[in-house]
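In what follows, every heavy atom counts, from backbone to side chain, and hydrogens, waters and symmetry copies are set aside. Proteins come first, then strands; the chains are lettered A, B, ... in the order of their sequence lines, and each starts at number 1. As the structure is a computational prediction, the values presented were derived from the model and not from experiment.
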There are 2 protein chains.
Amino acid sequence: MAAKSNVRPTYAVISKTAGVSEATVSRVLNGDENVHPDRIKAVQDAVAKLGYKKHRAASSLASGRTGLIAVVIDDDLSIFSDPFWATVTSGISRVLMENDLQTLLMVANLDSIDGPVAHSLQGGEVDGAIFFQLHKDALIKRLVKQKLPMVITGTPHTSNDFVFVDTDNFGGAHEATNHLFGRGCTNVAIITGDIETTAGRQRLDGYNQAYRKSGHVPSKQLIAEGDYSFESGKAAMQRLLEQVANLDGVFACNDVMALGAIAAIEEAGRVVPDHIKVVGFDDSLLAQTSRPPLTSVRQDIGALGEAAANLMIAQLRGETPEPCILSTELVIRESA
Amino acid sequence: MAAKSNVRPTYAVISKTAGVSEATVSRVLNGDENVHPDRIKAVQDAVAKLGYKKHRAASSLASGRTGLIAVVIDDDLSIFSDPFWATVTSGISRVLMENDLQTLLMVANLDSIDGPVAHSLQGGEVDGAIFFQLHKDALIKRLVKQKLPMVITGTPHTSNDFVFVDTDNFGGAHEATNHLFGRGCTNVAIITGDIETTAGRQRLDGYNQAYRKSGHVPSKQLIAEGDYSFESGKAAMQRLLEQVANLDGVFACNDVMALGAIAAIEEAGRVVPDHIKVVGFDDSLLAQTSRPPLTSVRQDIGALGEAAANLMIAQLRGETPEPCILSTELVIRESA
DNA sequence: CGATTATGTGAAAGCGGTTTCACATAATCG
DNA sequence: CGATTATGTGAAACCGCTTTCACATAATCG
């Protein structure tokens, strides 16, 4: 009795229970239009009754679709120290799951075009891939040729027609800079991020344009280069303090550098925001817990992930979606 | 000519090229011992020459093994705001990939035992699952019955014989507290984490034992409860400042609360570390960027992930590995 | 109203591996 | 040296689902 209790049912069982052929079961389960309503009902009832769940491997083998989307993260870009990517990934994963897709995580060094990741991606093990601000284009270009659906989070710097999602870096930087002027600052410096990255450049552009709009022209002296690290922010600020006489505002291209800047300012015996106002970018946990709490540009990171997933799903449906730019919001705290 | 250039080769092709049967190809590719060296060589050559890569779905269907390990994260425990999990996941992913396994990420609310995650896990879509400090045991217990290989990161509080990896919370807290005494403190308080969690309790135990070892007995007044948030750390510290006369040391059970405590101390017009010394736990980015830089207990988070993956792989090989406790290291900075 | 076109369905052939089973040959034994 | 056990191999069934193809029936047309 009840011999095969914990054996998962197959089409054979469903079709028998519903009184239809296996082909029809497949049609119903894949949303084929041309099935009589009665049979659809019969199949659905049988599925519900037996608690049927499609066998993914079998389905993949037969259909060629795996139901897997890779999220590819370059080991090198220590994106890991940043809660950012976790949140993005979370957003991606949620949306994919809602669409009955699974998230395959690939953390690897992408330098070599022939690593295991490259093989998986090319070998048809996934239906699509979402990349995290990848600078090494070689692999991506190969995959484009193979017509693997892809989404890139972060604007790719080669102006190819990749599908991508990104924060409005320009707009965010513009608003941050503007805010400093609005607070009465007259000499506003910027501590840039890595200028090699698109995001870094866009933020600088936003700063420049906001500066010009204010009627002034930013002198070269006001632009200090950083690399997103605490140390670089601190060093950049020290340079600025030396070289710029009456500096009263700084826009740092991320929160970590902003904290570095604040450290430098206080070590120089000056006070934030009384003497120098500081704005960061990211609105990370750091911004909330620092003293003084940091005014910072917030990006909706979860939304970024969701947008990436949605662009992927659109491509899977055969559409060719437009890139997606998400707007930012300035969160005003005590530092500016 | 060269019609089938970009079609992936199958066993049919390999076996023809190597001059053996498909069965033998399978044997070689799965490391079966009983194959003549000559044929092994022949197959390997053919594989290399044709750039063969196993078709995962086909392999899964036939063998019943998917090559997929789920990493399950409860949406609720906003572990996401914490870079912690990203690093753990990264470690897991790396080790799994080295062992030809893939990482399936599942971020979901695990409240309902019948969500999509539960179905995937039970439906044989993965070969094993790694959970992140899950408090809801219902699902896990079901999966244990189904003999799905599992690893839990973080000590599960039901003392079942789960396979788990964890940081030495007790030891870390012990060392932190000890350090404060060594620095000359005599009234050392603790700001606890969520006492409901095993980690929270273990850290409290470590504190208590270190206290007793020092020859004193910790009064109830010295124990302030927090919940790992900045606000709770600040509030707890304010309470301590009011109630404990000559407080000179605080061990906060994570860095975020430590920063909250420092904020409270400074608002009260006192100085860290001169008046009160503070030690945190996690050695997160926050510890490095705060002022004063925070002395904190470091856990090797990447190693935690790697350990979890290795325990999973051991189970897949049929072994029943022992739980794994990773030791901590006290990183001494300026706050204590 | 017979001829076409739509519509709905099932049989059967895959998809690309794994594994059982039977069998041939080589090694070991009494 | 014949009988037994080990070792190595290929044929073929099978894993569970998808999809083509042929066919029957119903709807539409001239």
Margin query: Please tell me if B:S63 has a side-chain N or O lying less than 4.0 Å from either OP1 or OP2 of C:dT18.
Written below: no
Note to self: Can you tell me if A:S59 touches the phosphate of D:dG16, counting only side-chain N or O atoms and a distance under 4.0 Å to OP1 or OP2?
What the structure shows: no
Next item on the list: Looking at every strand, decide which applies to B:R65 at a 4.0 Å heavy-atom threshold: base, sugar-phosphate, or nothing.
Entry: sugar-phosphate
Item checked: Backbone of A:D32 reached by a side-chain donor or acceptor of A:N30 within 3.5 Å -> no
Check: Distance check: side-chain N/O of B:S21 vs OP1/OP2 of D:dG10, anything under 4.0 Å?
Finding: yes
Margin query: Quick check: any donor-acceptor pair below 3.5 Å linking the side-chain of B:R27 to the base of D:dG10?
Written below: yes
Next item on the list: Report the residue (B:A58 or B:P37) whose heavy-atom-nearest nucleotide on DNA chain D is the more 5′ of the two.
Entry: B:P37
Next item on the list: Name the pairing partner of D:dA13, where a pair is Watson-Crick or G-U wobble with both distances under 3.5 Å, or state none.
Entry: C:dT18
Notebook entry, point to check: When you measure from the side chain of B:H55, which nucleotide among D:dT9, D:dG16, C:dG16 comes out closest?
Noted result: C:dG16
Notebook entry, point to check: Distance check: side-chain N/O of A:T24 vs OP1/OP2 of C:dG10, anything under 4.0 Å?
Noted result: yes
Next item on the list: Quickly work out the A:L61 CG to C:dA13 C1' distance and round it to whole Å.
Entry: 13 Å
Check: OP1 or OP2 of C:dT7 sitting under 4.0 Å from any side-chain N/O of A:R39?
Finding: no
Note to self: Keeping B:R8 on the side-chain end and B:K53 on the backbone end, is there a donor-acceptor pair under 3.5 Å?
What the structure shows: yes
Item checked: Short side-chain N/O contact to C:dG8 OP1/OP2 from A:N34, under 4.0 Å -> yes
Next item on the list: Give the rounded distance in Å between these two atoms: OH of A:Y11 and P of D:dC15.
Entry: 16 Å
Checklist line | D:dA22: pairing nucleotide in any strand, Watson-Crick or G-U under 3.5 angstrom | finding: C:dT9
Check: B:Y52 side chain N/O closer than 4.0 Å to the phosphate oxygens (OP1, OP2) of C:dG17?
Finding: yes
Checklist line | Check: A:S60 side chain, A:R56 main-chain N or O, donor-acceptor pair, under 3.5 Å | finding: yes
Next item on the list: Verify the contact: side-chain N or O of A:S26 to OP1 or OP2 of D:dT18, cut-off strictly under 4.0 Å; return yes or no.
Entry: yes
Next item on the list: Look through every strand shown and name the nucleotide pairing with C:dT28 as Watson-Crick or G-U wobble, where both distances are under 3.5 Å.
Entry: D:dA3
